[in-house]
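Below: one structure, written as structure tokens.
Counting from 1, the numbers follow the sequence of the chain as shown. Reckoned from all heavy atoms, side chains included, excluding hydrogens, waters and symmetry mates. Every number for a ligand or one of its atoms is a count from 1 in the order of the listing.
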Amino acid sequence: MARSSQKRILILGGTAEANALAAALAGRGDVTAILSYAGRTENPKAPPIPYRVGGFGGIKGLHSYLMDNAIDALIDATHPFAAQMSAHAVAAAEVTGVPLIALERPAWTAEPGDIWTEVDILEQAADALGDTPRKVFLAIGRLHLAAFAAKPQHAYLVRLVDPPREALPLRHVEVLIGRGPFKTADDLAMMRDRGIEAVVAKNAGGPASYAKIEAARLLRIPVILQRRPAVPPRETVETVEATLAWLAGL
Ligand code: NAP
């Protein structure tokens with residue numbers, strides 16, 4: 001009987017915020033939470049709550065998962081650039097009536113000294129690098145590097161969580177393996193040592209990957225920043241505390 005009063009929560013994860021929320025919910029008697037990873041990294045951090053890995057199979061698959069697992073609340077704590085998953089969450093919540101909230105960190109905004117060019121898609125970022133060969137730090141993950149193949153005049157430094165299993169689609173490329181959070185002093189030294197002249201990044205927001213932005217400011221080098229993709233309207237909070245308050249109010 002006690003179990004039936006427990007709320008069953010699905011957290012769509014892959015971010016530091018999702019992990020922090022999982023930690024806040026771990027061990028609570030009134031909720032059963034499960035964290036969902038897409039499976040993009042080879043060794044995801046084992047969270048302190050049960051977790052599952054892999055896509056649901058589109059909106060229909062997520063709909064079935066919510067129903068089959070009697071989920072009472074859906075929390076979208078995916079990365080701000082995981083727009084497809086977020087759109088699927090909105091659609092599945094609408095159809096099933098499962099309450100949905102997004103836990104999303106605010107975007108970064110430019111500060112004095114920042115030299116930013118903001119773009120919507122990475123092809124525009126590649127264009128913005130210009131014709132003159134440059135040493136470019138590509139801090140955009142592994143999936144969208146192909147946009148820069150059309151600009152072979154640049155030498156690229158790519159930072160990835162896992163060593164690539166296949167050759168990257170870039171001619172002049174060096175790979176750096178690292179998992180955030182990153183420190184400004186470390187990124188500053190790394191970018192200075194390698195003679196980085198421009199940074200390409202996504203406006204992820206949050207502190208974990210802000211080091212490269214601060215380092216670029218300190219080195220007075222330009223940052224080409226991809227704006228966040230559009231996501232269908234949904235209720236959104238910015239902190240774990242606000243998410244817990246929303247859950248308490250259900
Ligand atoms: P996406 O384009 O929005 O999602 C593509 C597909 O991957 C989704 O339709 C879904 O497959 C599956 N998926 C995504 N997130 C999932 C999750 N948390 N649990 C289960 N399935 C998930 O997302 P993405 O950009 O590939 O990002 C994938 C994951 O990496 C997300 O969890 C995100 O938080 C994390 N991440 C992304 C970025 C980024 O820059 N995009 C950066 C850091 C971390 P089905 O349609 O089959 O359900």
Out of all atoms in ligand 1, which are within 4.0 Å of some heavy atom of [X]? Include the element for each.
X     : value
Gly55 : 11 (O), 21 (N), 45 (P), 47 (O), 48 (O)
Met85 : 1 (P), 3 (O), 4 (O), 10 (C), 13 (N), 14 (C), 15 (N), 16 (C), 21 (N), 22 (C)
Phe81 : 25 (O), 39 (C), 40 (O), 41 (N)
Ser36 : 17 (C), 18 (N), 19 (N), 20 (C)
Gly14 : 32 (O), 34 (O), 35 (C), 44 (C)
Gly58 : 45 (P), 46 (O), 47 (O), 48 (O)

Which protein heavy atom lies closest to [atom], and at what distance to 0.1 Å?
atom                    : value
atom 48 (O) of ligand 1 : Phe56 N, 2.7 Å
atom 8 (C) of ligand 1  : Gln84 NE2, 3.9 Å
atom 27 (O) of ligand 1 : Ala82 CB, 3.8 Å
atom 31 (C) of ligand 1 : Gly13 O, 3.8 Å

Please work out whether any backbone atom (N, CA, C, O) or any side-chain heavy atom from C-beta onward of Ala83 is under 4.0 Å from ligand 1, and answer side chain, backbone, both or neither. backbone
Per-residue contact class, Arg52 against ligand 1 - non-hydrogen pairs under 4.0 Å: side chain
Anything under 30° is parallel, anything over 60° is perpendicular, the rest tilted; go ahead and classify His154 against Tyr156. perpendicular
Could you check whether the rings of Tyr65 and Phe56 sit parallel, tilted or perpendicular, using 30° and 60° as the cut-offs? perpendicular
Pick from [options]: the one approaching [atom] most closely through a non-hydrogen atom:
atom                    : options               : result
atom 5 (C) of ligand 1  : Glu17, His88, Arg40   : Arg40
atom 34 (O) of ligand 1 : Gln226, Arg228, His79 : His79
atom 39 (C) of ligand 1 : Lys202, Arg142, Lys60 : Lys202
atom 17 (C) of ligand 1 : Ala18, Gly180, Ala38  : Ala38

Could you pull out the closest heavy-atom pair between Gln226 and Ile121, with the gap in Å? NE2-CA, 3.9 Å
Kindly give the heavy-atom pair with the smallest separation between Gln6 and Val31, and that separation in Å. NE2-O, 4.1 Å
Neighbour count above 12 (heavy atom, 6.0 Å) for Asp131 CG: no
Using a 3.5 Å distance criterion without hydrogens, assess whether the side chain of Lys202 forms a donor-acceptor pair with backbone atoms of Phe81. no
Under a 3.5 Å distance rule, please check whether Trp108 uses its side chain to pair with a backbone N or O of Gly206 as donor and acceptor. yes
Checking side-chain polar atoms at under 3.5 Å, does Ser36 have a donor or acceptor matched by the opposite partner on Arg52? yes
Heavy-atom side-chain proximity of Leu145 to Val158 below 4.5 angstrom: yes
One thing to verify: whether Asp72 and Arg8 come together as a salt bridge, which I'm taking to mean a side-chain N less than 4.0 angstrom from a carboxylate O. no
Less than 4.0 Å is my threshold; does some heavy atom of [X] fall inside it relative to ligand 1?
X     : value
Gly54 : yes
Gly61 : no
Gly57 : yes

Report the residues that fulfil salt bridge (charged side-chain N to carboxylate O under 4.0 Å, His left out) with Arg179, sequence neighbours left out, ordered by chain and then residue number. none
Enumerate, atom names and distances included, each donor-acceptor pair closer than 3.5 Å involving a side-chain atom of residues 228-237, sequence neighbours excluded.
| from | atom 1 | to | atom 2 | distance (Å) |
| --- | --- | --- | --- | --- |
| Arg228 | NE | Asn203 | O | 2.9 |
| Arg228 | NH1 | Arg105 | O | 2.9 |
| Arg228 | NH2 | Arg105 | O | 3.0 |
| Arg228 | NH2 | Pro106 | O | 3.4 |
| Arg228 | NH2 | Ala204 | O | 2.7 |
| Arg234 | NH1 | Asp76 | OD2 | 3.0 |
| Arg234 | NH2 | Glu104 | OE2 | 3.2 |
| Thr236 | OG1 | Arg234 | O | 3.2 |

